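Please read through the structure below; I'll follow up with questions.
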Amino acid sequence: MFGYADVEKLRRVCAPGSAVLSLYLAVPLDPAGTRGLAATAAELMASTAGLAGGSDNDQRSLARIDQADREAVLDALAVHGRDWAGHTVAFFACRELGLFEALPLPCPLPERAVLTSRPYIWPLLAAVQRCPDYRVAIADREHARVLSVSGSRVETIATQVDRGPRSSGFGGWYGLQAHRIQRRIIELGRHHYRDTAAILERVADDGHMPLVIGGHHDSIAGLLRALPPAAREEFAGSFHADPHTLTEARIRELAGPVIGLWVARRERELAEDVLAGPPGRLAAVGLQACLAAVGQGAVGCLLVPDDGLIPGFACDGCDALSVGPGECPLCGTAGRPVPDLMEEMAQHTQDDDGRVTVIREAPFSVAAKLRFPVAAEGGGR
Ligand SMILES: [Zn+2]
């Protein structure tokens, strides 16, 4: 399944002077809708953002899309269009570099076509963030299952059965004996949740992943209590269901929305966090402030909204980014137009080992958490 490794692989493709076509296209779920797909793709490519500058932008971008790249996209759609129903598909094509990738993404993203010297990747980052791999623990007093979910793939990675004192006489206890047996069940339960928590700790060794717990109310609470602090930090939420009736497909159906809410909550918290705090805090809000911070390599985490393109300029001499054309104030080289400053800032931030998070309904045009203070501040939201 598609992940950060794919993003990194594409990020390494960089060819100054050549034109990489990046196309994000939504393939309808309805088979009837796939018939008009080639026309939609052609239309998007005709309105490609990314050009050599000047007033006649569209004409210039059209002239620079390699005919072979355009046809490779349309051919791939003719062959695989139906298999991609319901997905946004990301295409990256540059004949000159021998590059052609078509990646069906796990969540819907805005459609767009961009022509730049490297693949246009921030929507890919949004896809990885919104549909992360995660684990699900399903537990009752006797059984536990741990599953791993990656895109549409669900796999049971551990199961455990603890045989309690349950017998044919389960419903027939009374008095003191019943009390003792009840206590024994509770102890077994605790022990069992600890075992399940240990399994979760063990599987967590191969990387941090959000965790969803499913089951009856008391089993969820029991397992949560048994989780070690590190594993509890990864707890994303829970769903109530009868563990005995759950298929792998149903588990994914129930856990998916829990993960969706968790991702949205984290986005909101990040955005609030960067806006909160006193002046002089380690944060930048607004385009100018963020351009300055990116220029100084100060960005620890860049928060970009998930819509819109902000055309601007990049300096080939010193890599500085700016909103307006003209000579670079730092080195005097003439600026080269770039179709989207957000993408450029995202690339620079990652080149400097910073993180990029895509925020829906962001309360700013762009913002950043900084590693150290930057001299220049300014710009609005
Ligand atoms: Zn410069």
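For ligands, and for the atoms within them, numbers begin at 1 and follow the listed sequence. As the structure is a prediction and not an experimental result, all values here were calculated from the model.
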- Under 4.5 Å side-chain linkage, directly or through intermediates, the cluster mates of Val154: Tyr134, Val136, Ile138, Leu147, Val149, Val212, Phe239, Leu246, Ile251, Leu254, Val258, Ile259, Trp262, Val263

- Pair Arg130 + Asp306: basic N to acidic O under 4.0 Å: yes

- Query: With a cut-off of 2.8 Å, which protein N/O/S atoms are close to the Zn ion (ligand 1), if we only count those under it?
  - Reply: Cys315 SG, Cys318 SG, Cys328 SG, Cys331 SG

- Does the distance from a Lys or Arg side-chain N to an Asp or Glu carboxylate O, for Arg266 and Glu269, drop under 4.0 Å? no

- Query: Knowing that exactly one of Leu223, Ile220, Leu224, Leu211 qualifies, which makes a side chain to side chain contact (heavy atoms under 4.5 Å, CB included) with Ser238?
  - Reply: Ile220

- Query: Do the rings of Phe91 and Phe100 sit parallel, tilted or perpendicular, given the 30° and 60° boundaries?
  - Reply: tilted

- Message: How about CZ on Arg336, more than 12 heavy atoms from neighbouring residues, nucleotides or ligands closer than 6.0 Å, or not?
- Response: yes

